[in-house]
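Presented below is the structure to which this report refers.
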Amino acid sequence: MANELAKAYDPREVEDRIYQFWLDGGYFHAQVDQGKKPYTIVMPPPNITGQLHMGHALDNTLQDILIRFRRMQGYAALWVPGTDHASIATEAKIVEAMRAEGLTKEQIGREKFLERAWEWKEQYGGRIVSQLRKMGSSCDWQRERFTMDEGCSRAVREVFVRLYEKGLIYRGERIINWCPHCRTSISDAEVVYSEQDGHFWHLRYPLCDGSGEIQLATTRPETLLGDTAVAVHPDDARYRDLVGKTVRLPLVGREIPIVADDYVEMDFGTGAVKITPAHDPNDFEVGLRHNLPVINVMTEDAKINENGGKYAGMDRYEARAAIVADLEAGGFLVKTEDMKHNVGACYRCNSTVEPRVSKQWFVRMEPLAKPAIEAVRNGDVRLIPQRFEKIYFNWMENIRDWCISRQLWWGHRIPAWYCDDCGETVVARSEPQSCPKCGGAHLHQDEDTLDTWFSSALWPFSTLGWPDETLDLKYFYPTATLVTGYDILFFWVARMIFSGLAYTDKAPFQTVLLHGIVRDANGLKMSKSLGNGVDPLVEIETYGADALRFTLATGNSPGNDMRYSPERVQASRNFANKIWNAARFLRMNLTGTEQPPHLPPQLAQEDRWILTKYNRLVADVTENLEKYELGLAVQKLYDFIWDVFCDWYIEICKSRLNGDDPAAADCARTVLVYVFSGTLQLLHPFMPFLTEEIWQALPHKGTSIMVSRWPKYEETLNFSREAQAFEKVVDAVRAIRNCRAQKNVPPSRKASLTVVTATPEPFREGEALFRRLASASSVTVCTQGTVEGAVCVVTDAAAFYIPMNELVDVAAERKRLTKELEAAQDDRAFVEKKLANENFVSRAPAAVVQAQRDQLAKVCDRIAMLERSLEELNV
RNA sequence: GGAGGCAUAGCUCAGCUGGUCAGAGUGCCUGCUUCACACGCAGGAGGUCGCAGGUUCGAGCCCCGCUGUCUCCACCA
């Protein structure tokens with residue numbers, strides 16, 4: 001504590017210094033140690049273009065809590081950090097930056113573009129990493145990885161080749177989601193649907209034989225240019241005779257068939273559907289079944305192409321308007337309805353996606369999904385909270401093939417080459433020199449790159465050396481826990497699971513801890529466009545990283561969203577300050593010669609009380625952390641530190657510390673340090689900076705709290721009988737304070753105190769406590785007797801007489817005591833009734849019944865004392 | 001269309017395997033220049049744990065239904 005006189009904790013003075021101290025000590029680095037058990041977490045790699053937001057802050061806080069906890073428990077705790085190249089997001093940013101210079105990527109070419117991209121990565125890739133340090137993240141920075149570094153890239157090529165060789169990767173003309181703005185395909189998972197106002201245009205298509213027309217409706221009339229059929233349901237009596245006939249496509253003039261397909265819903269619209277195989281996923285399927293031609297009518301940027309006749313060159317919405325106008329003019333438009341419908345948009349740029357047939361690479365999912373489902377079903381991978389398993393199964397069981405090729409430059413280039421001579425496709429780990437089929441020397445590589453998530457899916461093992469059987473991989477893999485938001489369960493978690501199983505034969509992690517989204521104080525999602533995001537770095541600057549971490553860990557249960565409000569961080573900051581001041585108090589009372597604490601043989605009752613409570617805390621916090629109940633653990637620490645240790649134990653110790661018995665003062669000091677430093681250790685995973693700073697200033701062994709040994713529950717510290725006895729004293733102090741407060745007697749006004757009790761020991765020993773905490777000028781403890789004309793306070797264990805004659809209003813006293821008596825009698829009746837219930841006594845566990853009996857005895861004692869007091873008042 | 005979450009003090013939320021579980025923070029009220037802390041101390045008010053049933057000796061906690069609310073999946077043109 002460099003600035004130990006400061007009344008308030010100043011995190012800005014502490015945090016960077018402490019972080020550097022940890023770095024210098026090498027405490028973050030984990031290595032293979034056969035004497036230890038491994039505990040591994042791989043960090044969800046943030047995008048290199050990204051900046052730290054509250055989601056990262058939460059995610060990394062939870063991970064750091066777990067990793068620090070396990071490290072202190074003696075595990076070889078490895079937290080692998082890294083960043084993701086985020087192909088589509090990064091490429092978009094670079095393209096945007098180039099536009100400011102008046103350049104397009106096509107102008108400068110692939111090679112130059114990639115140079116720029118790497119420069120960009122060098123410039124900004126470190127930003128988020130340094131922001132993570134501000135959080136106190138104890139990652140092993142020596143192992144920091146990047147999804148496009150040599151090792152990860154090698155893993156990507158290896159996986160691609162293996163899957164291809166197994167027939168699990170194929171290339172084909174299929175309908176995919178196309179983003180006209182990003183100009184690339186995107187996967188199903190990358191499409192975000194939202195309801196929008198639109199129209200439902202009812203059209204008539206005339207039959208070629210002149211015998212009439214068929215009516216149908218569409219929300220996208222511009223796709224009419226690519227229609228190659230009209231479909232009706234095979235059971236639909238209305239259209240049965242029309243199947244096999246042809247219609248003349250309005251505006252285009254093409255003759256197209258009417259086909260029967262049970263994809264059509266008879267009850268919806270007119271029961272007839274125009275079929276555009278090139279621009280609708282369902283129509284594509286229909287097209288396959290009926291061997292329909294596929295006519296692509298759009299360009300990459302969603303303009304009508306040369307197949308669109310006079311509409312060629314128009315933007316899709318422009319064309320829509322023109323076509324509707326022409327249909328109307330041609331008498332083909334029956335009516336226009338308003339209709340809300342779901343429109344898919346690119347999750348990156350929010351442009352409306354255009355389904356489009358194109359040649360792409362796909363991963364065949366079904367064979368991969370099966371073992372991934374099994375791994376979760378049989379418990380090899382556990383999701384927390386468990387309800388996400390259902391969501392996971394639902395997705396995995398209905399999964400479709402994964403489109404993995406992207407028409408982007410920034411990313412892992414697909415390791416496929418095509419022979420210019422014979423057209424052979426060669427998939428290989430490295431560039432082939434000649435065509436294995438025809439021997440030709442001219443090959444060119446596929447232009448596309450892979451979906452970012454293809455490389456992220458390998459993250460748990462590619463970062464540990466896979467495909468090589470490295471020592472790290474053997475020791476640290478499979479990883480223990482994966483911590484991430486439920487929002488990327490499909491994007492990432494699911495894909496890691498099937499990837500791990502497919503390539504390493506092991507599930508990549510045992511437990512997935514899913515957390516929710518951090519929302520603003522009003523419950524809205526934090527977003528750039530709303531401008532309601534709270535910057536974690538600003539919060540750290542204002543309140544400290546520990547306060548931020550504490551806020552994010554508190555009151556948060558797995559899988560649930562949380563709200564972030566300034567009041568909550570302030571409360572956390574106040575808690576940090578409370579701890580700081582407790583430490584100041586200890587420092588002011590230490591002699592400077594203390595050794596790391598050993599407990600003295602002679603303990604006061606309050607020492608046994610606090611040690612018992614502390615010991616319970618050790619057990620509880622440890623258990624909570626092991627069960628991933630981080631929010632419960634931190635709540636218990638808060639309660640113990642503030643309500644038990646500070647408000648009671650420190651106050652109680654002041655008598656001994658300021659008294660004239662040096663042995664008693666030593667004893668108090670020792671227990672204070674013992675309990676406090678142990679508590680700091682328990683709190684360290686949550687508030688690492690503060691706890692380290694204070695721990696260093698207290699008597700301690702070892703170099704850093706973060707590598708100190710996690711406290712253990714000790715049966716020898718469990719003095720439950722004495723602790724219970726002391727609770728009676730605490731209760732008494734509360735009751736006396738309560739009474740004085742009700743009568744508005746200031747603490748400065750002392751009065752003598754007479755305790756009448758059947759169990760005098762704890763009260764005799766607690767004499768000093770009554771003087772200090774209950775404004776007693778003197779304390780007399782006896783087993784019987786009364787004090788006339790005194791205020792009487794009654795607890796379960798004793799009656800307390802405080803003579804303050806001038807304040808005693810006999811009538812008011814009688815009323816108060818009567819009220820208390822009635823309440824106690826109600827309690828007694830309640831418990832008696834319960835105990836009178838045969839079913840309860842016979843069926844409830846013995847301990848529960850006994851607890852009720854004890855309760856009854858207590859209430860009876862209390863009633864007796866209250867009755868006696870009332871009698872005395874009447875004398 | 002399918003699945004799920006949430007509904008507990010004015011506000012924000014905890015409450016693990018049913019039995020001192022009716023809690024915390026914040027806000028509010030009343031006192032306090034108590035020698036660590038006003039980012040504090042002491043005391044207090046405030047809830048039929050969404051509604052209606054059921055299981056049980058006993059239910060915020062388990063089951064069924066309903067209402068409100070949020071989310072995810074599917075995508076009927």
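In what follows, chains carry the letters A, B, and so on, assigned in the order in which the sequence lines appear, proteins first and then strands, with residues in each chain numbered from 1. Scope of the values below: all heavy atoms of this structure, side chains included, with no hydrogens, waters or symmetry mates.
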Any base atoms under 4.0 Å from [X], or only sugar-phosphate, or nothing? Heavy atoms, all strands.
X        : result
A:Arg573 : base
A:Tyr9   : nothing
A:Asn738 : sugar-phosphate
A:Ser557 : sugar-phosphate
A:Lys858 : base

Please give, in whole Å, the distance from [N] [atom2] to [X] [atom1]?
X        : N     : atom1 : atom2 : value
A:Lys340 : B:A77 : NZ    : P     : 14 Å
A:His233 : B:A77 : NE2   : P     : 17 Å
A:Met588 : B:C35 : CE    : P     : 10 Å
A:Asn577 : B:A38 : CG    : P     : 8 Å
A:Ile650 : B:A36 : CD1   : C1'   : 7 Å
A:Gln386 : B:G4  : CD    : P     : 13 Å
A:Asp561 : B:G5  : CG    : C1'   : 9 Å

Practice item. Determine whether any donor atom in the side chain of A:Glu651 lies under 3.5 Å from an acceptor atom in the base of B:A36, or the reverse, and answer yes or no. Key: yes
Practice item. Report yes or no: is there a donor-acceptor pair, N or O only, under 3.5 Å between the side chain of A:Lys578 and the base of B:C37? Key: yes
Study note, to complete from the structure: Checking B:G5, B:G19, B:A36 against the side chain of A:Phe840 (C-beta onward), the nearest is B:G19
Review point. Where the side chain of A:Arg519 is concerned, which of B:C70, B:G5, B:G40 is the nearest nucleotide?
Key: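 Taking heavy atoms from C-beta onward, the closest nucleotide is B:C70.
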**Study point:** Integer angstrom distance from the P of B:G43 to that of B:C11
**Key:**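 To the nearest whole Å, 26 Å.
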Practice item. Find the runs of at least 3 consecutive base pairs, i with j, i+1 with j-1 and so on, that include RNA chain B, using Watson-Crick or G-U wobble geometry with both distances under 3.5 Å. Key: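 When the pairs of RNA chain B are grouped into runs of at least three, the stems are B:1-7 with B:67-73, B:10-13 with B:23-26, B:28-32 with B:40-44.
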Short N/O separations, protein against nucleotides 23-28 of chain B, under 3.5 angstrom:
| from | atom 1 | to | atom 2 | distance (Å) |
| --- | --- | --- | --- | --- |
| B:A24 | O2' | A:Gln635 | NE2 | 3.4 |

Exercise for review: Under the side-chain hydrogen bond (donor to acceptor under 3.5 Å, both in side chains) rule, collect the residues that match up with A:Tyr239, sequence neighbours excluded.
Suggested key: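 side-chain hydrogen bond (donor to acceptor under 3.5 Å, both in side chains) check on A:Tyr239 returns nothing, list empty.
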Check your understanding: Taking atom types as modelled, is there a side-chain donor on A:Tyr564 or A:Glu539 under 3.5 Å from an acceptor on the other?
Key ->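 Yes.
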Check your understanding: Is the base of B:G60 syn or anti, where syn means the angle lies within 90° of 0?
Key ->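 B:G60: syn.
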